[in-house]
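Here the structure comes first, spelled out in structure tokens, and everything after it is commentary.
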Amino acid sequence: MKLALLTMPSILLKSLTKCSKDLEAAKVASPQYNAITRNSMINSVTLPEDEVKRRLEAGEPYVIRIKLPRQEEVRFHDIIRGWIVVHTQNMDDKVLFKSDGMPTYHLANVVDDYLMDISHVIRGEEWLPSAPLHVLLYRYLGWEAKMPEFAHLPLLLKPDGNGKLSKRDGDRLGFPVAPLNWLDPKTGETTSGYREKGYYPEAVLNFLAMLGWNPGTTQEIFSLEELVEAFSLDRVSKAGAKFDFEKAKWFNHQYLIRKSDDELAAQFKPLVTEAGFSADEEYLKSVVSLVKERANFVIDFMEHARFFFEAPTSWDDDTLRKKWKADTQDLLEGWKEALKSSNFDNAQSIEDASKVYMESREAGIGKVLQAFRILLTGLSAGPSMFEICALLGKDEVISRFENGLKHTKEAFA
RNA sequence: GGCCCGUUCGUCUAGGGGUUAGGACACAAGAUUUUCAUUCUUGGAACAGGGGUUCGAGUCCCCUACGGGCUACCA
């Protein structure tokens, strides 16, 4: 391959060590190796042919560059951006082969794509400036007829400020950027991954697909199959898109609530074990069905569901204080007694019994429900209290109720 | 600096000469759940600026501003 290119008239040689010094010596505004500066440097266009030969045989290091015409318009069509025109006077004689004999990306990608009959080159916008070079490479190699179509995608931007999204932004702002946790073997830096943060692959894929592309309808949730069906390059937008992690969470939530309780229970189980609890399949399924609506990730479940596995040891006193009235303690004590003698068949029967009791006290249940919740779960928010009671079972409910009342008696009485 | 690309609500975006400029996330309010959350409804919120072209510009052209990318013997 190297020999083949060496014979081409558009290629020139250059002494490696002197390259940068020569450019400085040429005193050009931006040191570029191009149609003008090449004439004042040591290379195969300024050296006599036999001198070039001598140096090569002497084993002098060299690189092979593309020799661009001085003034020529390079036009090519980009599927997303339309026609793009660049003049060769604004381009430079890029290195094609490094001094170690290896090709640079520019050459390699063109040769590779040609050999593999690639039809479309779809890549990030950061490649746009080198696209004209690639077009010229296809031309000089005689492959223009098989040149692929180009599509330069908009960039993913940092959520704050501007600029291309980088791995470091993730850990700086507390969200993942890589698919998986990753330890850079060179720097020892770690990058947190979507998987470890609890994102579903389908959700990430769906979210990413919507960044820079839209289906032209209001549909937002797409399976991979639907995406394949609906996607087309001509609906890709031109401007870069910032990551919106609130929306990423929303996507994950959408996928989460569509999962079956079986599946979610299975995913939750290891976390339950890890937290030092154990529960059977059925119990987990019930917990999960109550909790999933308010969680974005399975790894968030425990913070909403801890009370399903252990009685609270502390209570949200601030909220309790706001709800506390002179008769609250008394109403709750009575409610506890009422529950003791009621049946716990299901949430509805518990609710009915509770309401009957409150009516007997000529009060609405709303008056003490919030306090009730805090006594039993420690928290001021959560799923239906009656569902929770049904799941916890009568003994546990009464025990927690008593314990909680002991606490409020000390704290508020 | 030079070259290239871009610019509609805070964010992701629809829109390709005539629209009350639409949706989603987030936010706020109301309703419901006699609790919090969920849910539902409603609301605030945008065409970067200036010139053209046109009967008529978010939509077409130019300029300016701003943003981004590239400018390696990295990809």
Side-chain angles (χ1 to χ4, degrees), chain A residues 14 16-17 19-20 28-33 61-65 74 78 80-82 84-92 94-109 123-133 152 154-164 207-221 235 237-251 253-254 257 290-295 304 316 319 322-323 351 354-355 358-359 363-374 377 379-386:
Chain A
K14 170 75 188 81
L16 170 69
T17 48
C19 179
S20 57
V28 273
S30 68
Q32 273 201 132
Y33 213 114
Y62 65 93
V63 297
I64 299 178
R65 292 176 177 272
V74 183
D78 184 280
I80 296 167
R81 287 152 214 285
I84 293 177
V85 184
V86 179
H87 293 84
T88 52
Q89 55 184 318
N90 294 320
M91 298 167 63
D92 63 342
K94 278 275 180 307
V95 171
L96 261 23
F97 279 101
K98 302 182 271 184
S99 58
D100 64 1
M102 294 296 285
T104 56
Y105 168 83
H106 301 302
L107 209 222
N109 105 81
R123 75 235 291 198
E125 192 186 346
E126 70 263 37
W127 290 106
L128 202 50
S130 51
L133 175 70
H152 289 92
L155 261 20
L156 257 27
L157 273 18
K158 301 175 195 290
D160 64 334
N162 291 301
K164 194 159 65 157
F207 167 62
L208 250 23
M210 293 302 172
L211 246 30
W213 174 84
N214 80 85
T217 66
T218 56
Q219 183 179 354
E220 293 202 87
I221 303 299
R235 291 202 67 86
S237 49
K238 298 182 176 91
K242 283 184 194 174
F243 255 48
D244 179 355
F245 284 88
E246 288 306 319
K247 189 120 189 194
K249 288 182 201 166
W250 178 81
F251 268 105
H253 177 72
Q254 293 304 311
I257 59 179
L290 289 178
V291 150
K292 66 179 177 185
E293 194 61 50
R294 63 213 316 129
H304 297 290
D316 181 352
T319 307
K322 280 179 211 157
K323 298 281 176 181
E351 183 171 350
S354 300
K355 284 180 178 171
M358 289 312 290
E359 273 164 31
I365 201 163
K367 197 170 178 187
V368 287
L369 197 49
Q370 182 78 326
F372 178 57
R373 171 185 297 283
I374 294 171
T377 69
L379 307 175
S380 59
S384 157
M385 269 321 287
F386 305 111

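Numbers restart at 1 for each chain; the letters A, B, ... are given by sequence-line order, proteins then strands.
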Measure from the side chain of A/Glu126, starting at C-beta and using heavy atoms only, and say which of B/C70, B/C12, B/G6 lies closest. B/C70
Nearest whole angstrom, please: distance from the P of B/G69 to the CH2 of A/Trp127. 15 Å
Is any side-chain nitrogen or oxygen of A/Lys242 closer than 4.0 Å to OP1 or OP2 of B/G6? no
Here the distance between atom C1' of B/U13 and atom CE of A/Met210, to the nearest Å, is 11 Å
Using modelled atom types only, decide if a donor and an acceptor are shared between the side chain of A/Thr377 and the backbone of A/Ile374 within a distance under 3.5 Å. no
Which of these nucleotides, B/G10, B/C36, B/A24, is closest to any side-chain atom of A/Ala381? B/C36
Checking the side chain of A/Ser99 only, and the main-chain atoms of A/Tyr62 only, is there a donor and an acceptor separated by less than 3.5 Å? no
Length of the CZ-P vector between A/Phe245 and B/C25, whole Å: 18 Å
Touch check for A/Ser130, heavy atoms < 4.0 angstrom, all strands: base, sugar-phosphate only, or nothing? nothing
Gap in Å between the two P atoms, one belonging to B/U53 and one to B/G44, rounded: 36 Å
Got a second to check how far A/Leu107's CG is from A/Met102's CE, nearest 0.5 Å? 11.5 Å
Which nucleotide sits closest to the side chain of A/Leu211: B/C12, B/U35, B/C5? B/C12
Is there, by distance only and without an angle test, a donor paired with an acceptor across the side chain of A/Lys247 and the base of B/A26 below 3.5 Å? no
Watson-Crick or G-U wobble partner for B/U35, using a 3.5 Å limit on both distances? none
Using atom P of each nucleotide, how far apart are B/U38 and B/A26 to the nearest Å? 10 Å
Ring centres under 6.0 Å, that's the criterion: do A/Phe245 and A/Trp250 meet it? no
Is it the case that the side chain of A/Ser380 and the backbone of A/Thr319 share a donor-acceptor pair, with hydrogens and angles ignored and the cut-off at 3.5 Å? no
Taken in chain and number order and not counting sequence neighbours, the residues that satisfy side chain to side chain contact (heavy atoms under 4.5 Å, CB included) with A/Asn214 are A/Arg235
If you check the A/Leu155 side chain, which of B/U11, B/G69, B/C5 turns out closest? B/G69
For the P atoms, the ones on B/G6 and on B/C63, what distance do you get once it is rounded to whole angstrom? 14 Å
Taking for each residue the nucleotide of RNA chain B with the nearest heavy atom, is it A/Ala248 or A/Val85 whose nucleotide lies nearer the 5' end? A/Val85
What interatomic distance, in whole Å, is found between P of B/U35 and the corresponding atom of B/G23? 30 Å
Verify the contact: side-chain N or O of A/Ser380 to OP1 or OP2 of B/C36, cut-off strictly under 4.0 Å; return yes or no. no
Once you apply a heavy-atom cut-off of 4.0 Å, does A/Gly212 come out as touching a base, just sugar-phosphate, or nothing? sugar-phosphate
Of the listed nucleotides (B/U35, B/U38, B/U34), which one gets closest to any side-chain atom of A/Gln370? B/U35
So, A/Arg373 side chain and A/Pro383 main chain: donor-acceptor pair closer than 3.5 Å or not? yes
CZ of A/Phe243 versus P of B/U13: gap in Å, rounded? 12 Å
Is there a side-chain contact between A/Lys164 and the phosphate of B/C70, meaning an N or O under 4.0 Å from OP1 or OP2? yes
Please check: side-chain N/O of A/Arg294 versus main-chain N/O of A/His304, any donor-acceptor pairing under 3.5 Å? no
For the P atoms, the ones on B/G52 and on B/C27, what distance do you get once it is rounded to whole angstrom? 44 Å
Mind checking the P distance from B/U64 to B/C4? Whole angstroms is fine. 13 Å
Please pick, from B/G10, B/A75, B/A26, the nucleotide with the shortest atom-to-atom distance to any side-chain atom of A/Glu246. B/A26
B/U19 - base-pair partner by Watson-Crick or wobble geometry, distances under 3.5 Å: none
From B/G69, B/C5, B/U11, nucleotide with atom closest to A/Pro129 side chain: B/G69
Using whole Å, report how far CH2 of A/Trp250 lies from P of B/C12. 16 Å
With both distances under 3.5 Å as the test, what is the Watson-Crick or G-U wobble partner of B/C66? B/G6
Mark yes or no for a side-chain to base donor-acceptor pair under 3.5 Å between A/Arg373 and B/U35, with no hydrogen or angle criteria applied. yes
Rounded distance (Å) that lies between atom P of B/C74 and atom CG of A/Leu133: 14 Å
Show your reasoning for whether side-chain contact (heavy atoms from CB on, under 4.5 Å) applies to A/Gln219 and A/Met210. CA-CA 10 Å; A/Gln219 183 179 354; A/Met210 293 302 172; over 6 Å; no
One pair to check against side-chain hydrogen bond (donor to acceptor under 3.5 Å, both in side chains): A/Arg81 and A/His152. What are the steps and the verdict? CA-CA 8 Å; A/Arg81 287 152 214 285; A/His152 289 92; 5.7 Å; no
Starting from C1' on B/G69, measure out to CG on A/Asp78 and report it in whole angstrom. 14 Å
Among B/G23, B/C3, B/C70, the one nearest any side-chain atom of A/Asn90 is B/C3
Nearest whole Å is fine: how far is B/G10 C1' from A/Leu157 CG? 15 Å
Return the nearest nucleotide to the side chain of A/Arg294; candidates are B/U13, B/A37, B/G23. B/A37
Please figure out whether A/His87 or A/Gly366 has its closest RNA chain B nucleotide nearer the 5' end. A/His87
Is the centre of the A/Phe372 ring less than 6.0 Å from the centre of the A/Phe386 ring? no
Counting any heavy atom closer than 4.0 Å, what does A/Glu351 reach on the DNA or RNA strands: base, sugar-phosphate only, or nothing? sugar-phosphate
Which one is paired to B/U59, where only Watson-Crick or G-U wobble pairs with both distances under 3.5 angstrom count? none
Distance between the C1' atoms of B/G50 and B/C12, in whole angstroms? 29 Å
Counting only side-chain heavy atoms from C-beta out, which of B/U13, B/A37, B/U7 sits nearest to A/Ala241? B/U13
Is there a side-chain polar atom (N or O) of A/Arg235 under 4.0 Å from OP1 or OP2 of B/G15? yes
If B/U41 has a Watson-Crick or G-U wobble mate with both distances under 3.5 Å, name it; if not, just say none. B/A29
Using the P atom as the point on both nucleotides, what is the distance between B/A29 and B/G67, in whole Å? 36 Å
Each nucleotide N or O in nucleotides 18-22 of chain B that has a protein N or O under 3.5 Å away: list the pair and distance.
none

